[in-house]
Each structure stands twice: as C-alpha cells, then as structure tokens.
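Taking it in order: structure first as structure tokens, then the write-up.
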Amino acid sequence: MSPSSLYSQQVLCSSIPLSKNVHSFFSAFCTEDNIEQSISYLDQELTTFGFPSLYEESKGKETKRELNIVAVLNCMNELLVLQRKNLLAQENVETQNLKLGSDMDHLQSCYSKLKEQLETSRREMIGLQERDRQLQCKNRNLHQLLKNEKDEVQKLQNIIASRATQYNHDMKRKEREYNKLKERLHQLVMNKKDKKIAMDILNYVGRADGKRGSWRTGKTEARNEDEMYKILLNDYEYRQKQILMENAELKKVLQQMKKEMISLLSPQKKKPRERVDDSTGTVISDVEEDAGELSRESMWDLSCETVREQLTNSIRKQWRILKSHVEKLDNQVSKVHLEGFNDEDVISRQDHEQETEKLELEIQQCKEMIKTQQQLLQQQLATACDDDTTSLLRDCYLLEEKERLKEEWSLFKEQKKNFERERRSFTEAAIRLGLERKAFEEERASWLKQQFLNMTTFDHQNSENVKLFSAFSGSSDRDNLIVHSRQPQKKPHNVSNGSPVCMSKLTKSLPASPSTSDFCQTRSCVSEHSSINVLNMTPEEIKPNQVGGECTNQKWSVASRPGSQEGCYSGCSLTYTNSHVEKDDLP
Amino acid sequence: MNFSEVFKLSSLLCKFSPDGKYLASCVQYRLVVRDVNTLQILQLYTCLDQIQHIEWSADSLFILCAMYKRGLVQVWSLEQPEWHCKIDEGSAGLVASCWSPDGRHILNTTEFHLRITVWSLCTKSVSYIKYPKACLQGIAFTRDGRYMALAERRDCKDYVSIFVCSDWQLLRHFDTDTQDLTGIEWAPNGCVLAVWDSCLEYKILLYSLDGRLLSAYSAYEWSLGIKSVAWSPSSQFLAVGSYDGKVRILNHVTWKMITEFGHPATINNPKIVVYKEAEKSPQLGLGCLSFPPPGAGAGPLPSSESKYEIASVPVSLQTLKPVTDRANPKIGIGMLAFSPDSYFLATRNDNIPNAVWVWDIQKLRLFAVLEQLSPVRTFQWDPQQPRLAICTGGSRLYLWSPAGCMSVQVPGEGDFAVLSLCWHLSGDSMALLSKDHVCLCFLETEASVSTACRQLGGHT
C-alpha cells in the first residue's frame, strides 16, 4: 500500500473534525516566535502522514537543516487537493444522507398509513361481524316469529275445528229437538183425522202412458232393479264404445305416423358401413324388424295391450332418430345460412339499390338528352319556318332533313318508350330478385339436405328398402328438375327485352339461381352502354360495323368488372346489344 | 225483433208449456192460458186465492196452481175446461208443490218439511214420503223422468233416496258423507247424481244411479265453499262455482278437475273481447235534462239509448266490496249455465255483479266478458243455439252470441223493467217479465245469423 493512499484514507477518516477547527488551528498555531518549532512540528506531522520532509536533505549531522520551499509548496498543494476531495466527498455523503433521510421519512409515512389502514380494516371487520351477528339475531327472531305464526295458524285451525265440532254438536242437538218437535207435530197434525187433507177431483184421469197402475210387488221391484242396471249398462256401453272409437282413431294415427317415419328414415339405412357409429344402424334394423312384424299382423284387431309396448317403443326409437336427424339438418342449414350471407353469388340489397339508382340516373340522363335534342330540333324547325325565301332555296334539303328528323323523332320516342319499359322491368326484376333469393335459399337448403341424404344413405340388403324410396330423395330430384325448367319461365320480361339465346346460355352455363342475379348485373351494365351509344349515334352512324366496335369496347368494360363468369358476360352482352340495335333499325 | 203488447201479470208467474204451444200467466187469482202464436186467450181459470206458483205438467195437459198461504193446490186441464181438481193439505200446510215427470202425480211438501205427499190424479192413492230435507234443491228428477232423487235427513245424517217415478218404489237409499247437504242434481244422462254440501264446506260427491260413490271432490278447506253447480248438457262436465270466485270444471271420466276459471276484476288478455255497455246521452233538449226523473239513479234513464262498445284491454270491471260480517256475502259464483250445445259456459261473479263471463268450453278459456251498466239479474241460454239473453232489471234486453252483442230497448209506454225472462222452446221468442207485466219478444228468424253462429260454434 502506498503511503499516499494510506494518507488519503486517514484524511478521509479525520476530515470532519479537521474541517471544524481548521481556522482556529491556523490562527493560533504559528506565531513569529515559534516558526521553527511549528515547521519542525509540521515536518514531523507530514512525514508521519507519509509526505516528503519539508527540510532539505542534510549534508552533515550538525548542520542545521534548511527548509525546502518546493517541498512545502508541494505539500501545500497536495493538502489543498486533498481538502477539495474531502469536501466533495463530504457533499456526496451529505446528499446521500439527505436522501436516506427522506427515504426513511417516506417509509415511515407508508408504515403509518398502512398501520391506519390495518386499523380501519380491523374496525370494518368488527363492524361487519357485528352486523352479521345482528342479522343472525334478526333471522333467529324472524324464525321465531314464523314459528309463532305457524303455531298461531295451527291454533286458529284447531279453534276453528273445535268450534266447528261444537257447532255441529249443537246443531245436532238442536236438530234432534227439532226432530222431536216435528215428530210430535206430525202426530198431532197427521194422525188426527184431518178432514181437510183431501183431494177434490172431478174424475180421475188416465195415465199418460195409457196403462193402468200396477200393484207394487216383489216382481215390480225386481223389474225396477233390472231396468236400473240396464240403464247403467247402456251408459257404460255407450262410453266404452266412445272410448274404443277414440282408441282406434289414436291407433290409426300412431300407425300412420310410424309408417311415415319409416318411409322417411329408410334412405338413411342405405350406407350403414359408412357411418362411424353403428348404434343408429342397429336401431334402424331393429325398427325394420318390428315394422315387418307389425305390418304382417293386422294391427287393428289386436287389443292395445299386446301391441302397445311394441308400437310405442318402435315409435319412440324412430322419433329419437328423426329428432337427431332433424337437429343435424338444422345445424347444417344454420351453418349454410351463415355462409350464405357472405357468399358472393348472392347479391346484397345494397348492390340492388345501387344498381337501381344507377339505372334511374341513367334514365334521367337519357331523358335530358332527348329533351335537348328536341329543343335543338324545334329551333332548327323554327328558323326554317322564319324566312321563307331562304327556305324555298333550301326546300329540297329541308324536306329531306325534315323527313330525317321525323324519323329520328319517332326513333327517339320509341327509345323513350323502351327506356320506360326497361325501367319498369328493372323494378319488377328487383322485386322478383328478392323473392328468388328467398326461393334460392330454400332450394339450397333442400339441395343440401338431399346432398346430405345422399351422403348418409346406404345400400340396404333388402330389396324392399330400395322400393321404399324416401320422400326426400324423390322429391329433391324432382325439385332439381323443376328448378331447371322453371328458370326461363320465371323471366318473361327478360326474354322480351333481351335475346332468348342469351338467356338459355346463361341458364345452362350458370348454377341454378345465381344466374338470375348475375344476369341482372350484366343486363344493367349492358343497357347502360348500349343506350348511351344508341343515343349518341345519328342515323347515319348506325352501321353494323361501328356497332360491333362499340360492342367490343363494351365487352372489355364489362369484363373488367369483378366476376367469375366474364366470358359469359361478354358473350351475352354482345348478343344482346346486337339484337337491340337491330330492333331499333327496323322502323 | 218484434214485441207483443204487454199483458198483466203478478208475481212473475208466466210459463211456456213444455210443448211450446201455450203460455200460462197469472194475474192475482186468475190463470190465463194463451196461444203462443196468436196470443189469444184460450182458457181462463179462476182460483180460490192469489196464485203463488204455477207449473205445467210434462205433457202440457195440466197446470197446477199452488196457493201456499192456504195450503191449496188447484189443477186445471187444458183439454177439459170443466175438469177441476183441488188438493187441500189442511193444517199440515204447504211450502212447495211440483209435478212428477209423468204429469199424473203431484208432490206436495208440507210445512216444516214434515213429509212429501204424492197425490195421484189417476187413482185415489196417496203416498207419503217422510223426512224430506229442508234444503235448496232437495228433489231432482232425471231428464227421462224415470227416477227421482230426494234428499233426506234422519237422525242428523243426510241420506239420498232414489225412487222409481212410475210406481214410487224406493230403489236405493244411502247416506251421503256430507255435513249438511244443500243440493242434488242429476246429470242429464240420468246416471250420475251430484250431491253437494252446504257452503261451510267445499265438498261435492258423485253417486251412481245404483248408489255407489263414484268420486268426491274438495277444492279447499275452511273458507266458504260451493255456491252453484251446473251439469253440461252432454253430461261431460260438471261446473262448480264457489265463494272464492272460481269455477272448477270436473270431467266425467276421472271426476277430477280439468281447469279452473278465475274471475279477476281486471282483464289483461287482448284476445278476450270485452263488451261494455255504454250509454248514449238522450237526444233531447236541454230543458228536459234539468229535471231528471225520480229513481233515475237506480237504473239507466229510460229515454237514453245504450249500446255495446268493445273495450280495449286492460279492462277493470266494477267490483262490489262484499260485507264480510254478514251472512250470505255477495261474493263467489252465484250463477252459471251451459249453452245447449255445451260449447259455452256463462257465469256471474256476485261481487262483480255487472259482468257476465262467457267461457269457451272447447278451449277451456275465457271467450268474452259483457259488462252491463247495472247488475245482471238473470241470464238464460237460447235452447236451440249458443245465444244468451240477459236482463238487468232495466228496460232493455241484451243478447250475446259468438258473433256479437246487442242491446234492445223494450218498447211501450213507461218503463218496462225486465226482471226475468224465459225462452220459448224453439228459441224464436221469449217472454220478458216485469213486476206486473209480461211481454213477448219475437226474434226474427235470422237464418243467416244463426247459421253463422253455428258455423262459428262448430269451428271453435
């Protein structure tokens, strides 16, 4: 360890007391008289602290040692540096101290706060416990009250009962007295030969039934009994008959239900091996056996008891199958439904609205155009009429032009009419589309059902089952047929406007129902282009070639629309516009 | 709708003959028999005193007139006006008199219910039945007239005796498990007898013709019980109205309750049509209004018109606060009647006296409610079709059918306060009875309306 480091350590340790008495030390330490002593003292001190001596290296022993100024200055400087260092360290320590102090304070406050919290929560807990106790107390009281009330009710009931018995007893007593009195009265009134009690009648009348009254004998008694029992028997028989009838009806219904269920569920049995779970398959086969047995026996003649269990069991089984089946179908349908909303080929209502808006705008534009052209024509005609002299000169031209204009006029009128018609048909088509969409969804559901059935159906060994062709499969096939055949019939207005060729193409190329919506799209855009083009064309311009060119342009514009059936679009649009223009040419 | 002229009448005694040809009415001590169609007087009999009760024999050949005060019964023949018969009960007194179903016997109940005397018009024979019970409905004949059930009381116990009406032979005699039997009633098919206890206990017992107990039913204990009972014409249902304001329908197979019809004061179900009688202010000058006629507060003004309005639900009906510290409180189902085709049930809750409730028995739910301006006095079903006639003691007649409701003012000078009514067998006419007049009301043979009603009935 170097002496300097040692020194610095020492200085660090003693820095605080040193700093305190630095001034006084300097003021009192050295005077004029004791310079030598103080220098030597300092020298001693400094050497002990590891500084170099203040004196010069003595050459001889006796010679007085000289003060080395350089060493002194060096020492001074070193001391000052040390002093500065110490001060810095002191500052640091002080700040640290402060920091620690504040930390301490903070912790203390935290501590007190937590203590408070603890206190409050403790108090709260006590409060809650108190409340709990009170509530329990209350509850106990209420229970007690309830019990009391119950007791009271019991008591009152007992009172009522006792009063009732007392009342009954009294009543009985009174009644007995009353009966006694009655008896007495009876004796008094009846036994005395009361002359007044009599019937005064002119002559006796015959009985209503014409018979004579018979004597009361044992025979009549027996007859009466017989008759009574006969009446009762008749009543019971009547009721039994009614019940039998009802039973028969119910049996019939059950039987029919069963049959229908069997026929409904039989296609499921076609592919039992495909199914992972064989449980349903076995159940079905059980049912099948049952059905066979039951159908062989005549159900109606059997009494319910023997058949009941079989019948109900089989129906229960089938019902379970049917239920699970329907649930599955429901799930599928709901899934499909969810998907269906996101499907592209189903046009949303917004699209419809946009389309119709666009069409309306278009029609408006066309109208305006027609109007301006009309005006222009009128102006021309007016100017033509103004000056006859010039007109005479140009008469021949004018006549020609007039003719032409008239032609044009009629053409425009025709076109206007067409547009009107078109507009109407579009609105109709929009309505129809809504309906068709619905129908499509239904069809899709049925189609899926059918698909599902086809998936789940399995070949059965029994040829009999093949005959029992399901209602599902049969109907769905027919449905498909109907779907195809129905398509063209559904849109007679389309056919009237567009070309039937295009229609048939569409229906063939596209899957069943999206075709309608797509077609509508194509038609709308086609009409957009075609109508504008036709309007811009003057009669001279209407040439098949140019029209063809236009159409090719159209084709590209149409094809640029997002869609999967581009080719179809273009083909359709081409044929359509051609036919349209040709039509216009005719007049 | 046509109305006949009014005839005099006393004590509401006016009855159509069972064959529907004649109308008998009493004026003090005179008995007048008229032809129903022409309303001409056919016979006029004079009794010995003021008549208190009349009854046609089942074959419409005889009429009995009872004069309870004098203990006398006089019988008149329609075929032989000169024929007469007088039965004097003497000092035993007389409280009730009725025909036996064969129309040849008269059953007289003496005072204090000492006995029932059976007088025969064919022979001199007189039979006595002892110990008849003094109760509301103590004698009941089966509809075919073959049997009679009689409530009896001996040694503080209730009994029922079943007699064969043809020779008054006792067929069955059995005690009933009742505290205080109040009424008996045969099912229309004549095979089941309903027996119910007094209002202190809810208990109804069902006995077979041969005296076997088929079933007993009790809905609740302690509070007041049964107030009214009615069989459906098909014998399929037994409606029991009770003091708790409910009607309970029992079925004829298990004799258990099928359903319970409550009669709440507010109707919330929008499916139920509530017809509310509304009064139109009379179209008179202001001067007439300044002096309202006396007694106008009791009923609607005779000059004002009334009509039905269909009230929108929820409807709250006028209720009467019953006085519970009095006997026979005005609560509970006091009246109930099945329509002849058993499709409807009409009821009246006595603490909602202005309302008639019509229930659909096929669907077992409330069908319609009619709220009148004044308390309903009586209602009676048309014997031919589901059509209900109601009177409220005012000058109007009210008719309800599934097709709708109407109110008809009874014409004539003064106020004809309809206190009671009875339908003619054919359902084409009815007699409206006021305190001292009778008037016949002829309903148009509304073929279209009636067929519509029937169709509605068939569909419901």
Side-chain angles (χ1 to χ4, degrees), chain A residues 156-157 160-161 164 167-169 171-176 178-179 181-190 192-209 211-217 220-221 223-225 227-236 238-239 242-243, chain B residues 57-59 61-62 71 75 77 80 82-93 102-104 110 112-115 117 119-126 128 130-131 144 146-147 153-156 162 164 166-169 171-172 179-180 189-192 200-201 208-210 222 252-253:
Chain A
L156 283 174
Q157 273 183 349
I160 292 172
Y167 164 81
N168 283 339
H169 182 259
M171 279 293 286
K172 254 177 206 169
R173 203 162 49 87
K174 290 244 168 72
E175 209 179 320
R176 266 190 211 116
Y178 168 67
N179 279 346
L181 280 173
K182 251 168 112 175
E183 204 65 31
R184 184 114 187 89
L185 184 70
H186 197 258
Q187 278 175 3
L188 284 174
V189 174
M190 309 297 171
K192 195 176 66 180
K193 274 290 172 189
D194 195 345
K195 289 275 163 57
K196 278 179 85 183
I197 300 180
M199 185 165 74
D200 169 25
I201 189 163
L202 187 71
N203 58 303
Y204 292 106
V205 293
R207 292 171 69 91
D209 50 10
K211 286 179 205 159
R212 292 185 58 187
S214 52
W215 292 105
R216 237 182 267 174
T217 55
T220 55
E221 217 168 288
R223 204 192 61 214
N224 282 333
E225 285 272 312
E227 247 170 63
M228 180 193 77
Y229 283 121
K230 223 186 260 173
I231 287 172
L232 277 179
L233 254 171
N234 279 342
D235 182 53
Y236 282 120
Y238 172 71
R239 273 161 73 170
Q242 277 191 323
I243 286 168
Chain B
S57 68
D59 52 9
L61 294 175
F62 301 96
V75 188
S77 165
Q80 303 164 267
E82 70 281 1
W83 185 89
H84 62 85
C85 170
K86 189 183 88 182
I87 302 166
D88 194 339
E89 286 290 342
S91 47
D102 65 356
R104 295 294 179 273
T110 61
F112 308 110
H113 288 78
L114 284 177
R115 65 181 186 194
T117 324
W119 300 91
S120 170
L121 298 187
C122 312
T123 58
K124 262 186 187 170
S125 71
V126 181
Y128 300 103
K130 262 186 104 181
Y131 314 112
D144 59 2
R146 232 187 256 257
Y147 302 104
R153 184 83 175 175
R154 312 179 182 189
D155 305 325
C156 307
I162 293 169
V164 181
S166 57
D167 53 6
W168 303 107
Q169 192 175 30
L171 187 70
R172 281 290 184 276
Q179 285 287 328
D180 180 17
N189 65 6
C191 291
V192 183
L200 291 176
E201 208 166 338
S208 165
L209 180 60
D210 53 354
W222 309 117
H252 76 308
V253 181

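Remember, it's a predicted structure, so these values are computed and weren't measured experimentally. Below, chain A is the first sequence line, B the second, and so on; all start at residue 1.
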Once rounded to the nearest 0.5 Å, what's the spacing between atom [atom1] of [X] and atom [atom2] of [Y]?
X      : Y      : atom1 : atom2 : answer
A:E227 : B:L209 : CD    : CG    : 11.0 Å
A:T220 : B:D167 : OG1   : CG    : 5.5 Å
B:C156 : A:N179 : SG    : CG    : 6.0 Å

Contact origin within [X] toward chain A - heavy atom pairs under 4.5 Å:
X      : value
B:W119 : side chain
B:I162 : neither
B:D155 : backbone
B:S208 : side chain
B:N189 : side chain

*Heavy-atom pairs under 4.5 Å with chain B are the metric here; pick the option from A:K172, A:R176, A:M171 that has the most.*
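Between A:K172, A:R176, A:M171, the count favours A:K172.
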*Looking at A:I160, A:L185, A:L181, A:L232, which makes the most heavy-atom pairs under 4.5 Å with chain B?*
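Of the options given, most contacts go to A:L232.
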*List the atom of B:F112, the atom of A:Y178, and the distance in Å for their closest heavy-atom pair.*
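Smallest interatomic distance, heavy atoms only, reads O-OH, 3.6 Å.
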*Could you please spell out the steps behind the side-chain contact (heavy atoms from CB on, under 4.5 Å) verdict for A:Y204 and B:T123?*
CA-CA 6 Å; A:Y204 292 106; B:T123 58; 5.7 Å; no
*Is the number of heavy atoms from other residues, nucleotides or ligands under 6.0 Å of B:Y128 OH greater than 12?*
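For B:Y128, atom OH is crowded (more than 12 foreign heavy atoms under 6.0 Å).
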*asked:* Which one wins on heavy-atom pair count under 4.5 Å against chain A: B:C85, B:G93, B:S120?
replied: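 Of the candidates given, the most pairs with chain A belong to B:C85.
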*asked:* Looking only at heavy atoms and a cut-off of under 4.5 Å, which of B:H252, B:Q179, B:R115, B:K130 has the most pairs with chain A?
replied: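 Going by pairs under 4.5 Å, I would pick B:R115.
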*So which part of A:Y236 gets closer than 4.5 Å to some heavy atom of chain B, the side chain, the backbone, both or neither?*
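Contact with chain B: side chain only.
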*By a 4.5 Å heavy-atom criterion (distance strictly below it), what part of A:N224 contacts chain B: side chain, backbone, both, or neither?*
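Answer is both: backbone and side chain atoms of A:N224 are under 4.5 Å from chain B.
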*asked:* Within the 4.5 Å heavy-atom criterion, are B:Y147 and A:I231 side-chain neighbours or not?
replied: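 The answer is yes, as the side chains (C-beta and beyond) meet within the 4.5 Å cut-off.
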_B:R154/A:E175 salt bridge by N-O under 4.0 Å criterion_ =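 Salt bridge between A:E175 and B:R154, a charged N being under 4.0 Å from a carboxylate O: no.
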